[in-house]
Amino acid sequence: MKVLTDGGSIDIRAVWFEDNKVKMIDQRILPHEFKIIEFSNYLDVAEAIKNMTVRGAPAIGASAAYGMALASLQEVDLLEAATVLKSTRPTAFDLFYAVDKMLEAAKNNENLVTAANNYADQIVDKCRKIGEYGAELIADGNVIMTHCNAGALATVDIGTALAPMRAARDQGKNIFVYTSETRPRLQGMKLTAWELLNEGIPHKIIADGASGAVMRKGVDMIIVGADRIAANGDFANKIGTYDKAVLAHELGIPFYVAAPVSTFDFSIASGKEIVIEDRSEEEVTEIDGYRIAPDGCSALNPSFDMSEAKYVKGFITEIGVLSPSEISRINSAKL
Ligand SMILES: CSC[C@H]1O[C@H](OP(=O)(O)O)[C@H](O)[C@@H]1O
């Protein structure tokens, strides 16, 4: 992804492997501080996933794959490492998919550093294809709304929901993006707006609560990412997505979910079976470590919500844009 720095723009991934270390952008301190951190121990990569140093389903998957590569270099038991990495966050299916891919590679006596690098490169290629298919849905002058961050930071590079926007811009289409702030961790404001700024894509940040009014004012489509998609097309995504899905349905605004095939979990029939991660109440009651809630008050902090397939016009994947009734085709294409 393109990052504007004082010394000019750089091209960088959210996470990569270099000098036998896992290196990643610390997403917790963006956008006001840009820092690369590195790990030599898979346990530290697991902690980085858990504390959201790196976040976003595909980026979590790639990080876990790199964690498995470190575990192989550390010569620790890979099944133990897999268990630790899988225990970091419960909702994003890519995490489990990636770790299992690395276990499969180990069983085939493959070099896990190579396998993890290939996994990350495949994610980037999938995102590029998601961008190409998604851009076909976008007309010059379109106004698009998105939620949370499903950009390059969430996917190693390019993004899922942001991929069609990047591709449409590259095709010369003028687009405008509303990114909702996405309480409580504010990925939409801190990360998506930062990516769009770096890319020179016109946008405005809106409060989550403004989404309905802004949709009614004039939005041509909504594109969000996903963390896990069930066999019937029900999907989990960042908390606040369900509100947008229902409002879009009510207002007749096309609602798209952009995700690679690796996010589809055909072992579950419907969204009812998706485990929704609960995170600390401090994420709600504090901002950047400063308590904003009254002392003595407590908070509930579900990190994701589930939306039914009926709200989705199409899933933008690396094999095309599929309606909920067509996603059974994906099972045969799972890489
Ligand atoms: C392209 S997957 C991005 C997906 O992950 C985010 O969750 P988190 O920031 O907690 O990892 C959010 O649900 C995004 O849509």
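Indexing begins at 1, ligand by ligand and atom by atom, following the structure's order. Quick caveat, the model's predicted, so the values are computed rather than measured.
Residue contact check: A226 has heavy atoms under 4.0 Å from atoms 2 (S) of ligand 1. Every atom of ligand 1 with a heavy atom of T155 under 4.0 Å away is listed here by number and element: 1 (C). Close approach of ligand 1 to A150 (heavy-atom distance below 4.0 Å) involves ligand atoms 1 (C). Atoms of ligand 1 found under 4.0 Å from any heavy atom of T160 (numbered from 1 in listed order, with element): 1 (C).
Counting heavy atoms under 4.0 Å from ligand 1, residue Q187 touches it through the side chain alone. Residue contacts with ligand 1, taken as heavy atom pairs separated by less than 4.0 Å, involve M52 solely via side-chain atoms from C-beta onward. At a heavy-atom distance under 4.0 Å, no atom of A161 approaches ligand 1. Residue-level proximity to ligand 1 for A57 is carried by backbone and side chain together, each with a heavy atom below 4.0 angstrom.
Atom 15 (O) of ligand 1 has its closest protein heavy atom at N237 OD1, 2.5 Å. Protein heavy atom in closest approach to atom 3 (C) of ligand 1: N149 O, 3.4 Å. Taking atom 12 (C) of ligand 1 as the reference point, the nearest protein heavy-atom neighbour is C148 SG, 3.4 Å. Among all non-hydrogen protein atoms, the one lying nearest atom 6 (C) of ligand 1 is R55 NH2, 3.7 Å.
With values rounded to the nearest 0.5 angstrom, K23 atom NZ is found 15.0 Å from S63 atom OG. With rounding to the nearest 0.5 Å, the separation of CD in E318 from CD1 in I123 is 10.5 Å. Taken to the nearest 0.5 Å, the NZ atom of K310 stands 6.5 Å off from the NE2 atom of H249.
Surrounding NZ of K86 are more than 12 heavy atoms belonging to other residues, nucleotides or ligands, all under 6.0 Å away. A 6.0 Å sphere centred on CD of E250 holds no more than 12 heavy atoms belonging to other residues, nucleotides or ligands.
Classification of R13 and D121 as a salt-bridged pair holds, one side-chain N sitting under 4.0 Å from a carboxylate O.
Listed by chain and residue number, R185, R279 satisfy the salt bridge (Lys or Arg N to Asp or Glu O under 4.0 Å) test with E283 (two or more places apart in sequence, or in another chain).
Under a 4.0 Å heavy-atom criterion, T241 is not in contact with ligand 1. Heavy-atom distances between R89 and ligand 1 reach below 4.0 Å in at least one pair. Distances from ligand 1 to the non-hydrogen atoms of D227 include at least one value under 4.0 Å. Using 4.0 Å as the threshold, A259 has no heavy atom nearer than that to any atom of ligand 1.
At under 3.5 Å, not a single nitrogen or oxygen of P58, backbone or side chain, sits near a nitrogen or oxygen of ligand 1.
Taking the six-membered ring where the residue is Trp, Y311 and Y242 present perpendicular rings, their angle passing 60° and hence far from 30°. Taking the six-membered ring where the residue is Trp, F93 and F96 present parallel rings, their angle staying beneath 30° rather than reaching 60°. Relative orientation of the F315 and F264 rings is perpendicular, given thresholds of 30° and 60° on the angle between their planes.
Pairs engaging residues 27-36 under the salt bridge (charged side-chain N to carboxylate O under 4.0 Å, His left out) rule: D26-R28 [sequence neighbours left out].
Of the options E277, K238, H147, the smallest heavy-atom separation from atom 7 (O) of ligand 1 is shown by K238.
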